[in-house]
Structure formats: C-alpha cells, structure tokens
Amino acid sequence: MHRWSELFIPTLREAPADAEVASHKFLVRAGYIRQLAAGIYSYLLLGNRSFNKIMAIVREEMDKIGQEFYLPALHPLSLWEASGRWPHVVGENLFRLKDRKGADMALGMTEEEVMTSIALKDLRSYKQLPQIWYQIAPKFRDEPRPRSGLLRVRQFMMKDSYSFDIDAAGLDVSYKKHYSAYCRIFDRCGLKYMVVEADSGAMGGKESHEFMVRTPAGEDQVVSCDGCDYAANMEKATSKLEPWGDLAPEGDGKPLLVHTPGQKTIEDVAKFLGVSPKNKIKTLALMADEVDEGKKKSRQIVVLMRGDHQLNEAKLNATVGAATRPMEEGEIKALFNSPPGYLGPMGIEWAKELHRLLFPHKDADKPVLLVDKALEGRANLIAGANKEDYHLKNLTPGKDFIPTAYADLRSVTAGEACPNCGKPLRIDTAVEIGHIFKLGYRYSESMGLRVLDKTSMEMMPIMGCYGIGMERILTAAVEQGNDENGFWLPPAIAPFEIVVSPVNMKDDAVRKAAEDIAKRLEAAGFDVILDDRDERPGVKFKDADLVGIPFRITVGKKVTEGTVEVAIRSTHEVRDATITRVVEYFQELLGRAG
RNA sequence: CGGGGAGUGGCUCAGCCUGGUAGAGCACCUGGUUCGGGACCAGGGGGUCGGAGGUUCAAAUCCUCUCUCCCCGACCA
C-alpha cells in the first residue's frame with residue numbers, strides 16, 4: 001500500500017519563476033521533475049511512475065509489431081562519419097566527447113547507424129526480411145535552445161524503431177503497422193491527437209506523418225480541415241486558391257516599363273498602379289551558403305511569390321536542399337544591379353535546371369529562379385524592373401522569363417480552402433509526439449547494407465524509421481488537462497489512479513474506513529495512494545488536485561452513514577458512493593472487469 | 001549565435017538607484033491549540049548575496065570580466 005506520509009512528493013505552493021508553460025509549472029510543482037541543467041531533468045517518484053506506465057503501453061503495442069533491442073547510447077564518432085551524418089547533417093546538435101585514449105565518441109541522437117550496423121553484419125538474405133527493431137532508450141541532442149520544461153530537452157527518452165524491407169511495398173506494410181500501432185498507443189495514453197502529413201526534410205525523403213497534439217505550448221504549426229481529414233504540418237501544407245483574374249495586356253503586350261517613383265513595397269506599388277497585390281510579383285533575393293571540404297560556396301536564389309503570399313522557408317529549404325538567408329545589400333546590387341524595392345526577374349540569365357547546390361554542372365554558377373506554383377499559368381503580372389523607381393507590367397512567367405523551376409513555396413494561411421474538400425482551413429500550434437518516416441535507401445546505401453535476393457543477386461533493403469518522444473506524451477497530457485489548481489492525467493498514465501483522502505487521521509472511524517477502502521481497491525488491481533498524512537483537509541485537497549491523479553475518494557463524516565465522496569478531477573464532479581460498493585463503483589467507472 | 005531578462009536560505013521575492021556588514025512570506029524543526037479547501041500562537045535552525053578580480057576605511061549594493069538559468073529569434077533528419 002502506498003502511503004503518502006512515507007513517500008517523497010515535494011509539492012510546491014508556487015511555480016518556479018523560470019517556468020512559462022503549464023506542463024513545466026505543474027510538473028515541477030507536483031514534484032514530478034526537478035531540473036539539473038538546461039534541458040536536463042530528473043524524474044522523482046510521481047514522474048517516474050507516470051513515465052513507466054507510458055513506456056509500458058508503448059512496449060506492449062510495439063511488441064505486437066516488432067522486436068525490442070537495447071542499444072548503446074555511447075557511439076564511436078566514426079559510425080556517424082560512415083553514415084555521412086557527421087559533421088554536416090547533425091552538426092553541433094551531436095554531443096561529442098573523447099575517451100581516455102583520445103578517440104572521438106558521440107552520444108546517440110537516434111540509432112539509425114547502430115541498427116544499420118547490426119543489419120549490415122547479420123542480415124544476409126531476403127528470407128530474413130522484413131524486420132522491425134525497436135528500443136526505448138535515452139537520446140541526446142545538444143539543442144541550441146532547450147525550452148518549455150520537458151518540451152524540448154537535451155536528454156530524453158525515445159522509442160525509436162527501424163524497419164528493413166525487401167521493397168517499397170514491404171516498406172508500406174511496415175509503415176502502416178507503425179501508423180496503427182501509434183494510434184493505439186496514443187489512444188491508450190488518452191491523448192487527443194491528430195495525424196498530419198509532414199515535411200520529410202532536406203534529405204529528400206518520401207512519405208512521412210507526424211502525430212500532433214494541439215496545444216498553445218507547442219512548437220509546430222499544423223494546418224487542418226474540420227470538413228474532412230486533411231491535416232498537414234505548416235512546412236508541408238497546401239491550399240486551394242480562389243481563382244484570381246489576370247490583368248489585360250497593355251500596349252503591345254510586351255513588358256512595359258512604368259514609372260513608380262518612391263513606391264517600394266508591394267502594397268504601395270499596387271495602390272499606386274490601382275491593382276491588387278494578387279497581380280503583383282514579390283521578388284525575394286536569397287543566398288544559400290554551403291561548406292564542403294572547407295570550401296565555402298554560395299548560390300544566388302531568387303524566389304517569386306504572388307504579392308500577397310508568404311514564403312515558407314521549410315518548403316524552400318526542402319526544394320533547394322540547403323538553408324538560405326536573405327541577400328545582403330551588396331549581393332543584391334551585384335545580381336540585380338538595382339536597389340531593393342524594384343527587384344524583378346527580367347534581364348538576368350537564370351540557371352536552367354535545379355541541381356544540388358554544390359553538384360558540378362554547367363549551370364552551377366548561374367542564379368536560380370524559383371517561382372511559386374501560385375504564379376504558374378498567370379499572365380500580365382507586375383514586378384520590379386531592376387531599375388530605381390520603375391516597375392514592369394505585362395510579365396508572364398514562362399514567356400517573358402523562364403524559371404529554373406516552379407515549386408510550392410507558399411505558406412498556407414488560416415481560412416484558405418482545403419485542397420481536398422474546399423472548406424476553410426484552420427491553423428493550430430501543436431506538439432509533435434510521434435513521427436513516422438520512410439527513409440528509403442539512405443542508410444542502406446551510405447553504410448553498404450546488402451542482402452541476397454531470390455536470384456542470388458545483391459539487393460539493398462529499404463528502411464523506415466519511427467519515433468515517439470516519451471516526455472512529449474506526458475507533457476501533452478498535462479497541457480491537455482489542467483486548470484489553475486493543477487492537472488489531471490488519463491488514468492492509464494497517471495502515477496496513481498485514485499487518491500484516498502481521509503479528512504481527519506485522528507478520527508478512528510475515518511482512518512479505518514480509508515485504510516480499508518484503499519486496501520480493497522488495491523486488492524482489486526487499482527493503483528491507489530492513501531493520503532495518511534496528519535494534515536488538514538485543505539492541504540490534502542490542494543495536493544490531490546495538483547498532482548495529476550484523476551480520482552479522489554474523500555473519507556469524512558459520512559462514514560457513519562456508510563458513504564464516501566468520489567471526486568472526478570477533470571470535471572470537478574463529486575458523487576457519493578457506498579463504502580461497501582466502492583470497488584464495484586470504480587470497476588464500472590473505469591470500465592474494468594470485476 | 002543575435003536580442004532581452006534574471007541569479008540574495010528549499011520556494012517566491014524585497015534590499016541595489018543613494019555603499020555602513022542581510023530581510024519578508026511560504027517551507028522546515030520543537031511545543032501547544034486546531035481539523036471539509038494550502039490554520040493559529042510561541043520558540044528555533046538555515047544564506048560563500050552565482051564566481052573571480054577591482055574601487056573603497058567599508059561592497060549584496062559601484063566598476064570589469066566570467067559562469068549559469070529563462071524568454072524571443074535563428075536552429076530543430
């Protein structure tokens with residue numbers, strides 16, 4: 001029997017001054033966690049109990065589709081060089097250290113390399129496929145800015161799994177198995193989540209979904225439709241645009257120089273010329289810098305958007321395969337020979353094909369012109385003339401200038417039409433609790449994973465990787481259920497399901513009834529804590545409300561009538577229950593067989 | 001890494017401007033009275049004022065450097 005008086009549950013009356021989000025404040029106040037350093041937390045009794053329950057659920061569901069391993073977190077750095085992720089892909093986020101001999105080591109951020117190295121040594125034949133291997137283990141990331149309590153940390157517990165299949169169809173199966181296992185896991189954890197299409201990143205990925213929980217504390221923007229099941233990460237989301245009429249050509253229809261003195265912004269020019277920003281081209285001048293073998297190389301990238309649209313940097317980075325930054329004034333002058341405010345696509349020789357930036361090809365030195373798909377097929381648009389105080393009319397993409405490529409580069413805004421059903425889209429902030437990802441051949445290829453196929457030929461297995469952040473589940477659950485007094489967790493992941501609170505420990509009838517109730521509930525399989533502290537009732541109620549336990553049984557004066565009160569934390573509902581039938585009462589309430 | 005903020009007992013904070021040798025509330029310990037929503041009375045313990053250097057007769061307070069933590073941004077397969 002768990003007796004509160006004997007346990008270490010250091011609740012705080014006030015939230016730590018440096019906590020901002022609800023989950024951070026309450027997890028500290030409730031004595032779940034204590035901070036050791038930025039982004040590094042200790043779990044105390046309650047936090048650990050909750051954590052273990054979450055891991056047990058994940059393990060149970062994962063065991064239905066895969067096999068649990070336990071891999072080291074301490075890796076030779078050479079492993080990360082072999083896969084090509086160190087130094088460029090993971091960069092400073094990889095924790096590094098040296099052993100006593102001076103050998104370079106790293107703390108694992110994920111385990112693709114380790115898993116693949118096992119596969120590499122011991123997978124020989126297509127007959128051994130498919131495989132799904134997983135583990136639940138700490139991961140380390142030297143985040144530039146840990147934040148929001150457990151939301152973004154430097155050490156965290158991750159369930160990561162990896163699938164190896166013969167072909168894309170096999171990968172589909174492994175992927176779908178994970179998709180449904182994840183749904184079962186998050187359902188059982190009592191989370192209200194959504195599954196969204198995700199950006200697969202600059203690595204040129206394939207299909208990817210994220211499991212998201214809406215909360216203002218989150219770091220991701222999620223676009224979704226209430227009318228259908230469309231949902232996507234902002235980095236990936238699209239929308240259907242209202243058709244917008246093109247202007248009629250003026251003059252002979254050729255690009256026409258117009259005087260626009262002092263008119264620099266889209267709005268100014270549109271107003272000055274009496275047109276909508278939707279008939280204007282927004283010209284964005286960017287640079288992509290890449291470092292390869294110590295050589296720094298920059299590439300000019302110009303993006304054209306519809307005047308009223310916003311560039312989505314994640315989409316741009318995925319398209320270009322590199323990070324970009326705005327051009328500096330000198331760089332703008334060098335390319336456009338014009339001051340900012342009057343930039344446009346005319347008079348510049350653009351690259352004809354979009355290759356990887358540092359990939360040597362004949363256009364490698366030419367600037368790249370990316371045109372957002374919203375401008376594809378439009379005509380007689382207005383853009384800067386690359387000449388101070390002048391703009392050009394009658395510009396038609398594909399005719400007057402040839403883009404290097406058209407791409408979806410636009411950020412969706414709330415209220416735009418769903419690409420599937422046309423209903424208005426909504427945008428929410430959300431926290432990512434899980435991510436499934438079709439890796440393809442990236443690691444099989446870079447690490448040389450091969451098995452023999454039916455015809456005795458070598459073939460490369462295709463991989464997938466799948467992650468769940470354990471503390472994100474806890475955090476999301478707290479964000480999802482809290483009020484000014486504390487929080488409540490879904491029973492499946494709460495440290496205790498029921499707290500029994502005798503109102504006065506010195507009253508023998510009350511104390512004995514409470515002990516008896518707690519014992520019987522425990523014998524029936526409920527996870528119970530008895531608040532046997534010699535505290536005033538107010539203290540016990542405040543603590544009970546704070547620490548995330550979903551149900552409370554108040555044992556007070558009514559014991560003489562044979563009843564106690566059952567308080568439902570989430571709804572504040574209080575009901576009387578007959579002492580002799582308390583076990584049955586909870587069996588019914590929690591839908592558990594007697 | 002850029003911008004902002006903060007480090008004083010376990011927690012929340014005051015004191016700093018205008019230097020004079022550290023305080024409050026909560027928590028904790030002892031005794032007593034209380035006992036259905038963070039009780040009250042009395043007594044008590046606990047602080048290198050983040051660290052280093054400097055100015056001064058004297059530094060929590062002024063100056064310099066530095067470390068740490070938080071927030072916004074950048075970043076986040």
Side-chain angles (χ1 to χ4, degrees), chain A residues 10-21 24-25 28-29 31 34-40 80 83-86 88-94 109-113 139 141-149 151-154 156 158 160 162 198-206 208 210 218-220 233 235 313-314 317-318 321 323-326 431-432 435-440 442-443 446 463-467 469 484-486 501-507 510-511 531 533-546 552 554-559 564-565 567 572 574:
Chain A
T11 58
L12 299 175
R13 194 178 285 234
E14 284 171 287
D18 53 19
E20 294 267 320
V21 300
H24 187 197
K25 286 180 186 167
V28 173
R29 276 192 62 200
R34 286 296 182 261
Q35 184 178 41
L36 182 63
I40 306 178
W80 287 75
S83 71
R85 288 165 103 192
W86 170 259
H88 294 308
V89 180
V90 294
E92 295 297 307
N93 271 24
L94 183 67
M109 300 172 65
T110 56
E111 303 279 340
E112 278 87 352
E113 283 80 1
K139 300 288 177 290
R141 295 185 188 182
D142 197 358
E143 294 284 347
R145 184 150 94 82
R147 74 183 92 188
S148 306
L151 217 51
R152 181 160 217 84
V153 287
R154 295 195 292 171
F156 60 100
M158 185 178 183
D160 49 320
Y162 306 87
D199 172 30
S200 39
M203 291 322 303
K206 319 264 184 291
S208 176
E210 288 167 334
E219 298 186 294
D220 286 278
N233 193 304
E235 298 177 347
E313 285 185 47
N317 291 354
T324 54
R325 61 169 173 85
V431 55
E432 178 187 343
H435 195 167
I436 56 178
F437 190 80
K438 288 186 182 176
L439 275 177
R442 165 154 171 65
Y443 294 89
S446 65
M463 291 176 61
C465 70
Y466 318 86
E484 66 280 2
N485 293 321
S501 307
V503 144
N504 185 348
M505 285 302 285
K506 293 206 174 77
D507 182 326
V510 167
R511 198 192 71 239
D531 190 353
R533 295 175 297 169
D534 187 15
E535 289 285 355
R536 296 164 61 84
V539 173
K540 294 188 180 186
F541 294 159
K542 287 287 183 190
D543 272 345
D545 284 349
L546 175 62
R552 183 182 81 214
T554 310
V555 184
K557 288 186 202 111
K558 289 184 206 160
V559 288
V564 290
E565 285 168 9
H572 305 104
V574 179

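No hydrogens, no waters, no symmetry mates; every other heavy atom, side chains included, goes into these values. Proteins get letters first, then strands, A, B, ... in listed order; numbering begins at 1 in each.
Cation-pi geometry between A:Arg141 and A:Phe156 is not met: the NZ or CZ atom fails to fall both under 6.0 Å from the ring centre and inside 45° of the normal.
Across B:G25, B:C69, B:G38, the shortest atom-to-atom separation from the side chain of A:Glu14 is found for B:G25. Here the nucleotide nearest the side chain of A:Arg536, chosen from B:C75, B:C70, B:A39, is B:A39. In the set B:G38, B:C71, B:A77, B:C71 carries the atom at the smallest distance from any side-chain atom of A:Ser148. Listed nucleotides: B:U12, B:G38, B:C71. Nearest to the side chain of A:Arg147: B:C71. Closest approach to the A:Pro144 side chain among B:G37, B:A77, B:C75 is made by B:C75 (side chain taken as heavy atoms from C-beta onward). Considering only the side chain of A:Asn504, B:C35 comes nearest among B:C35, B:C69, B:A77. Residue A:Glu20 places its side chain closer to B:C71 than to any other of B:C69, B:G38, B:C71. For A:Asn93, counting side-chain heavy atoms from C-beta on, the closest listed nucleotide (B:C13, B:C71, B:C76) is B:C76.
Judged by distance alone, with hydrogens and angles left aside, A:Asp545 brings a side-chain donor or acceptor within reach of the base of B:G37, the pair sitting under 3.5 Å. A donor-acceptor contact under 3.5 Å is formed by the side chain of A:Arg29 with the base of B:G38. One N or O donor and one acceptor, one from the side chain of A:Glu565 and one from the base of B:G36, sit under 3.5 Å apart. Under 3.5 Å, the side chain of A:Arg13 and the base of B:U12 form no donor-acceptor pair of N or O atoms.
Both A:Ala38 and A:Leu546 sit near RNA chain B, but only A:Leu546 has its closest nucleotide nearer the 5' end. Map A:Ala17 and A:Arg154 each onto its nearest nucleotide of RNA chain B; the residue landing nearer the 5' end is A:Ala17.
With a cut-off of 3.5 Å on both Watson-Crick or G-U wobble distances, the partner of B:G19 is given as none. B:C1 is paired with B:G73 under the criterion used here, namely a Watson-Crick or G-U wobble arrangement in which both key atom distances are under 3.5 Å. Nucleotide B:C28 is matched to B:G44 when pairs are restricted to Watson-Crick or G-U wobble geometry with both distances under 3.5 angstrom. Pair check for B:A6 finds B:U68; Watson-Crick or G-U wobble, both atom distances under 3.5 Å. The nucleotide B:A39 finds its pairing partner in B:U33, both defining distances of the Watson-Crick or G-U wobble pair being shorter than 3.5 Å.
Side-chain N/O atoms of A:Thr11 and A:Asp543 include a donor and acceptor closer than 3.5 Å.
Contact of the A:Tyr162 side chain with the A:Thr110 side chain is registered, since non-hydrogen atoms from C-beta on lie closer than 4.5 Å.
When heavy atoms are screened at a 4.0 angstrom cut-off, A:Ser83 is found touching no nucleic acid atom at all.
Between A:Glu112 atom CD and B:A77 atom C1' there is a gap of 8 Å when expressed in whole angstrom units. Per the geometry, NE2 belonging to A:His572 stands 16 Å off P belonging to B:G37, to the nearest Å. Atom CZ in A:Arg34 sits roughly 16 Å away from atom P in B:A27 (whole-Å rounding).
A:Arg147 and A:Glu219 are joined by a salt bridge, as a carboxylate oxygen and a charged side-chain nitrogen come within less than 4.0 angstrom of each other.
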Determine, for nucleotides 2-8 of chain B in 5'-to-3' order, which nucleotides have protein heavy atoms under 4.0 Å from the base (write B), from only the sugar-phosphate (write S), or from neither (write -). -------
